[in-house]
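Since the model is a prediction, treat every value here as computed from it, not as a measurement. Reminder, nothing fancy here: chain letters follow the sequence lines and each chain counts from 1.
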Amino acid sequence: MSKKLDMEILASLCKRRGFIFQSSELYGGINGFWDYGPLGCELKRNIKNAWWKHIVRTREDVVGLDATIIMHPAIWKASGHADGFADPMVDCKDCRKRFRADQLCEEQGLELIKDGKTVALPDGAKCPACGSRNLTAPRSFNLMFKTFVGPIEDDSNAAWLRPETAQAIFAQFSNIIATARQKVPFGVAQMGKSFRNEINPRNYTFRSREFEQMELEFFIRPDEAVELICGRVTTLADKPDLTGEPQESWGWEVWLHYWIEQRLAWYRSIGLPAEHLELYWQTGDELAHYARACVDIEYAFPFGVQELEGIAARGDFDLTQHQRHSGKQMDVFDEALKQAADKLDAAAKEAFTEKVVAEWTARNQSPEAARAFVAKLFEGKYVPHVVEPSAGTDRLALALLSNAYDEETLTDDKGKTDQRTVMRFHPSIAPIKLGVFPLVKNKPELYAKAREIFAQLQRRWNCFWDESGAIGRRYRRMDEAGTPWCATVDFQTLEDGTVTLRDRDSMQQVRLSVPELIQKLDTEIG
RNA sequence: GCGAGCGUAGCUCAGUGGUAGAGCUCCACCUUGCCAAGGUGGUUGUCGUGGGUUCAAAUCCCAUCGCUCGCUCCA
C-alpha cells in the first residue's frame, strides 16, 4: 500500500466517521486549519486529560498555567520570535543557515539596497558561515499572526497570537514561584492553542496554522548549584535510576533523560509503545544557539518520520532573556544553596570560583560572567535552568489515528471473506469506551433493560447507544469509531443480569454481570 | 513561494459539449437470538467558487479557493 494511499484512506475515514473535518469547508475550506468532529474532539480531549494527569495531577512538583493567547508584544522580542519577522532574512542555500540581511551586509562592509518596502542584497554578499554566494533574496518572515489590540489598526496597537505556549510560563515565572509553594526543581505545565503562519501547511493536520501544544517547563538548579549543595553532580555515567524518584544530586543531563523516560512511558500508556517511536538527537549544527541538547520524539507517519515532541535542555536562556528585557530579576533564592555556600571557607570558595571560570571559558563564556554567576550562587541565588518537553497535541492525535488504523480480512464458517476496518485505540484515549445495544429492538422488556443499563454506564464513561440494524453491523460501526467494547443486552440479561461483552480487537465475547463489566473497564481504561 | 496532478451525493468514483449517475453509507419501517450481505420505502448535489466562450458547459478557456505530490520552507 502506497504512503499516499494510506493518508487518503485515513483522511477519508476521519471525515466519514466524524474525527476531523476541514475548517470552513462550507465556504471552500481554509488552508492549514482543521476541525475535530464528534469523535475527534473526544479523542483530543482524552489525550489532553491523559497528559495533564500524567504531568500535573499525579506529581507534586508540577503546577499548571492557563495563559492568554495574545500577550504583550515585548514577550516576543525577549524570546527572539520577533526578530525573524521584523527584519528581512536571507537563507544560504548551501549550508541552510539563516541570517538577518542587514547584519550580514554590515559585517561585510556592504550596504543593503532598500527601495520602499523591498530590500535586496548588494553584489558580493556571501554566507558568513560557509562563504557561499548562493543566497536567497531577503524575505520577510511573517510567521506570527498579527492583530491589533483595541479598535485602531495602528502599529502601536499591534500584537501577535502566540507561536508557542511556553513563553507565558517564563513571563509568569515570578508570580508562580511566589504563589505555588514550589521550590526548584519544579515544573509549570500548560496546554493550549498556538498559531504559526506556516508558509506551506502540509500533510493533513500535521503542519497546521492553528494548533495545540502541551508544554512543560521544568526548572532545575544549575549544575554548579547542585555541586555546592550535594558535593557532586550525578551524571549519566553514574547510571542513575531514571524511573524512580528524582534525586537532588541530578545534573541537567540526568534531568533531560529523566523527562525522556517519563514521556516515553506516557506514550506507552496511551498506546504508542517505544518501538513505534524514534529518538532523534539534534546535532550541534541543528541546535538553537542557546540549547544544550535537544531530542525529538518522532513517529513514522505514512508521509514520513516526523516530530511529535521536542525535549530540550535550554539552560537559563529564556528567564535570562526576560530578565534582560523586563529589567525584573528572575533569580530564585535557594535556602539549601545558601547554607551550603556558608559552610565554605574563603579558600574553598576561591577554588570553586576558579573551577567554574575554567569550565565557562572552555565553553566560550566570559570569565566575568562566570565570576558574577558564582558570586550570586554564594548568596544562594541563581536563574533556574530549564528542561522543556514540548508536545504537539494535534500531531499526537494524528499519530494515534495513524497507529490505530487497521484493516483485517475475516473468513467466516462458510469460507466467505469480509474486510473489517478497525481503529485500535488504547482504551484510555478511545473516543467512545463502550457501545450498548439491545440484541433486538422489538422486544419491550429487553429494550427497557438495555436502556436502563446504558443510562447507568453512560454516567461513568462516554457510551454509545445503537439499536439500528443487525447486531454485527452495529459491532462493525463501533470498530471504525475505535470503541474497545460493546455490551449487548439479550434475553439472558433479563434472567440473570449478565450481558455479552464483545472485545473490539479479538472479537471474542464473554458474559459478565454489570458490576464485573464496570470493574473490567475501569482497570483497562486506567 | 515554484512546478505537476486533482476537486461530481456523507464516502469511493463513473460521466469529455445535449435531461447529473452508480456502489457503499445514512434514515424509516419490517425482518434479525451475536459479527456489515434479507425486504420495502426514503434523504442527499448551485458538478469547489467566480467569470468567460457557446443555442447549450460537470465537460472548453481564465481566475480563484482547497487537497495531494516534488522542490522550497519549517525561527
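Using a 4.0 Å heavy-atom cutoff across all strands shown, A:G32 reaches sugar-phosphate atoms only and no base atom. Contact annotation for A:N203: backbone-only contact, meaning every heavy-atom pair under 4.0 Å involves sugar-phosphate atoms and none involves a base. Counting non-hydrogen atoms under 4.0 angstrom, A:E480 reaches a base of the nucleic acid. Backbone-only contact: A:S12 has heavy atoms under 4.0 Å from sugar-phosphate atoms and none from a base.
For a distance-only test at 3.5 Å, the side chain of A:Y204 fails to qualify as a donor-acceptor partner of the base of B:C67. Looking at A:R202, its side chain has no donor and acceptor atom pair within 3.5 Å of the base of B:C73. Between the side chain of A:D490 and the base of B:C34, a donor-acceptor pair under 3.5 Å is found. If you check distances only, the side chain of A:T500 does reach the base of B:C34 with a donor-acceptor pair under 3.5 Å. One N or O donor and one acceptor, one from the side chain of A:R476 and one from the base of B:C35, sit under 3.5 Å apart.
The pairing partner recorded for B:U40 is B:A28, the criterion being a Watson-Crick or G-U wobble arrangement whose two distances lie under 3.5 angstrom. Under the Watson-Crick or G-U wobble criterion, with both distances below 3.5 Å, B:C2 is paired with B:G70. Across all strands shown, B:G33 has no partner, as no Watson-Crick or G-U wobble contact with both distances under 3.5 Å is found. Searching all strands for a Watson-Crick or G-U wobble partner of B:U19 with both distances below 3.5 Å returns nothing. Base pairing of B:C60 is made with B:G52, judged by Watson-Crick or G-U wobble geometry with both donor-acceptor distances under 3.5 Å. Taking a pair to require two hydrogen-bonding distances under 3.5 Å in either a Watson-Crick or a G-U wobble arrangement, B:G45 remains unpaired.
A:R502 has a carboxylate O that lies under 4.0 Å from a charged side-chain N of A:D479, or vice versa, which qualifies the two as a salt bridge. A salt bridge links A:E212 with A:K44: the distance from a Lys NZ or Arg NE/NH1/NH2 to an Asp or Glu carboxylate oxygen falls below 4.0 Å. Taking 4.0 Å as the cut-off between side-chain N and carboxylate O, A:R17 and A:E480 count as a salt-bridged pair.
The CZ-P distance, from A:R209 to B:C65, rounds to 11 Å in whole Å. The CD1-C1' distance, from A:I20 to B:C11, rounds to 16 Å in whole Å. The separation between A:E445 atom CD and B:G33 atom P is 15 Å, rounded to whole Å. Protein atom CG of A:D466 is 12 Å distant from nucleotide atom C1' of B:A36, rounded to whole Å. Atom-to-atom, CE of A:M7 to P of B:C67 comes out at 13 Å; the value is rounded to the nearest Å. In this structure, CZ of A:R504 is placed 15 Å from C1' of B:C35, rounded to the nearest angstrom. Computed from coordinates, the A:Q22 CD to B:G7 C1' distance equals 11 Å when rounded to whole Å. Taking atom CD1 of A:I30 as the reference point, atom C1' of B:G48 lies 15 Å away to the nearest angstrom.
Atom C1' of B:G38 sits at a distance of 35 Å from the matching atom of B:C47, rounded to the whole Å. Annotation: B:C2 and B:U59 have their C1' atoms spaced 29 Å apart (nearest Å). Taking atom P in both B:U19 and B:G52, one finds a spacing of 23 Å when rounded to whole Å. Spacing between B:U31 and B:A36 at atom C1', rounded to whole Å, works out to 16 Å. B:C26 and B:G45 have their C1' atoms separated by 16 Å, with the value rounded to a whole Å. The gap from the C1' atom of B:G10 to that of B:G3 amounts to 33 Å, rounded to the nearest Å. Nucleotides B:G66 and B:G48 are separated by 7 Å at their C1' atoms, to the nearest Å. Spacing between B:G50 and B:U8 at atom P, rounded to whole Å, works out to 15 Å.
For A:T283, the side-chain hydrogen bond (donor to acceptor under 3.5 Å, both in side chains) partners at least two apart in sequence or on another chain are A:E286.
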Could you write nucleotides 25-32 of chain B as a row of B, S and -, 5' to 3', where a protein heavy atom under 4.0 Å of any base atom gives B, of only sugar-phosphate atoms gives S, and otherwise -? SS--S-SB

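For the pair A:R451 and A:W465, the cation sits on the ring face: its NZ or CZ lies under 6.0 Å from the ring centre, inside 45° of the axis. Taking the ring centre of A:F206 as origin, the terminal cationic atom of A:R202 falls outside the region bounded by 6.0 Å and 45° from the ring axis.
Partner of A:K193 under the salt bridge (Lys or Arg N to Asp or Glu O under 4.0 Å) criterion, out of A:E164, A:E210, A:E215: A:E210 alone. Checked against A:F219 for a side-chain contact (heavy atoms from CB on, under 4.5 Å), the options A:V387, A:D316, A:V386 give a single hit: A:V386.
Aromatic rings from A:F145 and A:W160 are positioned such that their centres are separated by 6.0 Å or more.
Nearest to the side-chain atoms of A:Q509 among the listed nucleotides B:C34, B:U68, B:A75 stands B:C34. When distances are taken from the side chain of A:R502 to each of B:A75, B:C35, B:G66, the shortest belongs to B:C35.
Comparing A:D479 and A:E25 along RNA chain B, the residue whose closest nucleotide (by nearest heavy atom) sits nearer the 5' end is A:E25. When the nearest nucleotides of RNA chain B are assigned to A:T205 and A:Y475 by heavy-atom distance, the more 5′-ward of the two goes with A:Y475.
Distance alone, capped at 3.5 Å, places no donor-acceptor pair between the A:D296 side chain and the A:L308 backbone.
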